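First the structure, in the form of structure tokens, and then the observations on it.
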There are 2 protein chains.
Amino acid sequence: MKITSDTKTRMLDTATHLFAERGFYGVSLANIADELGLTKQALIHHFATKEKLYGQVLERISDDIISGSSATDDLETFFETFCGHAIAHPQDSRLLMRELLDNRRRAEEATRWYLEPFLRNLIDRVKATPRWRHAPDPQALSIAYQLLGAVSYFVISEPTLTRILGSAQFSEMQDIYPGEIRRTVRLLLSG
Amino acid sequence: MKITSDTKTRMLDTATHLFAERGFYGVSLANIADELGLTKQALIHHFATKEKLYGQVLERISDDIISGSSATDDLETFFETFCGHAIAHPQDSRLLMRELLDNRRRAEEATRWYLEPFLRNLIDRVKATPRWRHAPDPQALSIAYQLLGAVSYFVISEPTLTRILGSAQFSEMQDIYPGEIRRTVRLLLSG
DNA sequence: CGATAGACTTACCGACTGGTAAGGCGTCAA
DNA sequence: TTGACGCCTTACCAGTCGGTAAGTCTATCG
């Protein structure tokens, strides 16, 4: 128990998992604490409030995403990496999707805007391609956003698709999806 | 006060709006009742439980979506309609997105599977095109899902994009997005 | 050995949750 | 006039929420 940051990391891991699965209001501090084998006051000791805990969870994820994307990658490589990361870490996609849905209400109290640098980066990346070199920002972002949405929406649909298709067909779909995305990227960059 | 179904409709409208905005656990029966100028027991009188109210909200939306899509439309027309509906009724998209995120936990108690007929319909529609006539189900669904995701993800991002781009650039993006989707549909059907 | 500090606990709080029980009120049929 | 019914209310409940207060325990350091 000497290394307190280890406990803090475990807390963030568990909180990330639960917030991603049930959302901010679907999870109580007691839920998180139970899964850790601690009390909710241990969480409050480290993070002061539930909001701040949630904020640190978001911050860690957005740092991962931004640092995980090399600035020199072309669009095709970028989305290949992005798609791979999203499928490997569906929790992150779920949590960011929830944040997109919830941030209108959280807007007043949001201190930092997590997604902005990521999206600015994406716009520049699209405008670095020959096809979209002269596109205005909204159009460049439209291109990127279609791909972003195509990946994220698929990843968060895992439970639904598994139920409808069965797990065998879903994992088949999961295998081919990155390739389909790659083909769409190429089409968008050439057409 | 004679026409009770009118009150019931108002209740469903308000519940739809609030559930879409804050999610199932972010809204209490009292919140909904307050906005209606009634008490939460009025809601319970009509819907018995919060879960059943939520279920009826979902049912109404999925009925709208399914009945709103003519079976004879080709893919391009279908997604044009779908995109228009999504932009005109962002609440519906938000709610369905939340359901995709939450239904893993709700899975045990779900009595009806809302999205299945919609997705089956989509698979058939993709396989009705010359380009994908012989595609297996997972691939056909991958094609459709990219488009579905591209539309839905954009629609629920309105608060985020407005903040980042400003409302002028966002509405510009909203204007061009259906056209971008249409072009992507064509690319996917020809490439 | 004694003191200090961080990690974590028990005990507790007021506010709010979904839901039950019971009754008031207006409308309509007999 | 009377009774029944649908709509909605007040009163109330046990359970949970996020958070505060006041410790206990252990490790470190002088």
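Chain letters run A, B, ... following the sequence lines, proteins first and then strands; every chain starts at 1. Heavy atoms only: backbone and side chains are in, while hydrogens, waters and symmetry mates are out. Everything numeric here is computed off the predicted structure, so don't read it as measured data.
- As rounded to whole Å, 12 Å separates atom C1' of D/dG19 from atom NZ of A/Lys52.
- Of the candidate nucleotides C/dT9, D/dC7, D/dG19, C/dT9 has the atom nearest to the side chain of A/Ala42.
- Side-chain proximity of A/Leu38 to D/dG19, C/dG19, C/dC8: nearest is C/dC8.
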- Could you walk me through whether A/Ile61 and A/His89 pass the side-chain contact (heavy atoms from CB on, under 4.5 Å) check? CA-CA 10 Å; A/Ile61 288 180; A/His89 304 280; over 6 Å; no
- Message: For B/Thr9 and B/Arg60: C-alpha separation, side-chain torsions, deciding distance, then whether side-chain contact (heavy atoms from CB on, under 4.5 Å) applies.
- Response: CA-CA 11 Å; B/Thr9 302; B/Arg60 210 174 53 152; 4.1 Å; yes
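- Rounded to whole Å, the distance from NZ on A/Lys50 to P on D/dG19 is 8 Å.
- Residue A/Thr7 places none of its side-chain N or O atoms closer than 4.0 Å to OP1 or OP2 of C/dA7.
- Residue-level contact check: A/Ile44 touches the bases, meaning some heavy atom is under 4.0 Å from a base atom.
- Remark: C1' of D/dG19 and NE2 of A/His46 are 16 Å apart, rounded to the nearest angstrom.
- Among the atoms of the strands shown, base atoms are found under 4.0 Å from some heavy atom of B/Thr39.
- To the nearest 0.5 Å, atoms CZ (A/Arg94) and CG (B/Leu100) are separated by 8.5 Å.
- Considering only side-chain N and O atoms, A/His45 lies under 4.0 angstrom from the phosphate OP1 or OP2 of C/dA7.
- Taking atom CG of residue B/Leu36 and atom P of nucleotide D/dC8, one finds them 10 Å apart after rounding to whole Å.
- The CG atom of A/Leu161 sits 6.0 Å away from the CG atom of B/Leu141 when rounded to the nearest 0.5 Å.
- Atom pair A/Leu43:CG and C/dG6:P shows a separation of 19 Å (rounding to whole Å applied).
- Considering only the side chain of A/Gln41, D/dA21 comes nearest among C/dG19, C/dC8, D/dA21.
- The base of D/dG18 lies close enough to the side chain of A/Lys40 for a donor and an acceptor atom to sit less than 3.5 Å apart.
- Between D/dC17 and A/Ser28, a contact under 4.0 Å exists linking OP1 or OP2 to a side-chain N or O.
- The interatomic distance linking A/Phe47 (CZ) with C/dA7 (P) rounds to 11 Å, in whole Å.
- The six-membered or imidazole ring of B/Phe154 lies away from that of A/Tyr153, with a centre-to-centre distance of 6.0 Å or more.
- Note: CG (B/Leu53) to C1' (C/dG19) measures 14 Å, nearest angstrom.
- Atom pair B/Tyr25:OH and D/dG18:C1' shows a separation of 18 Å (rounding to whole Å applied).
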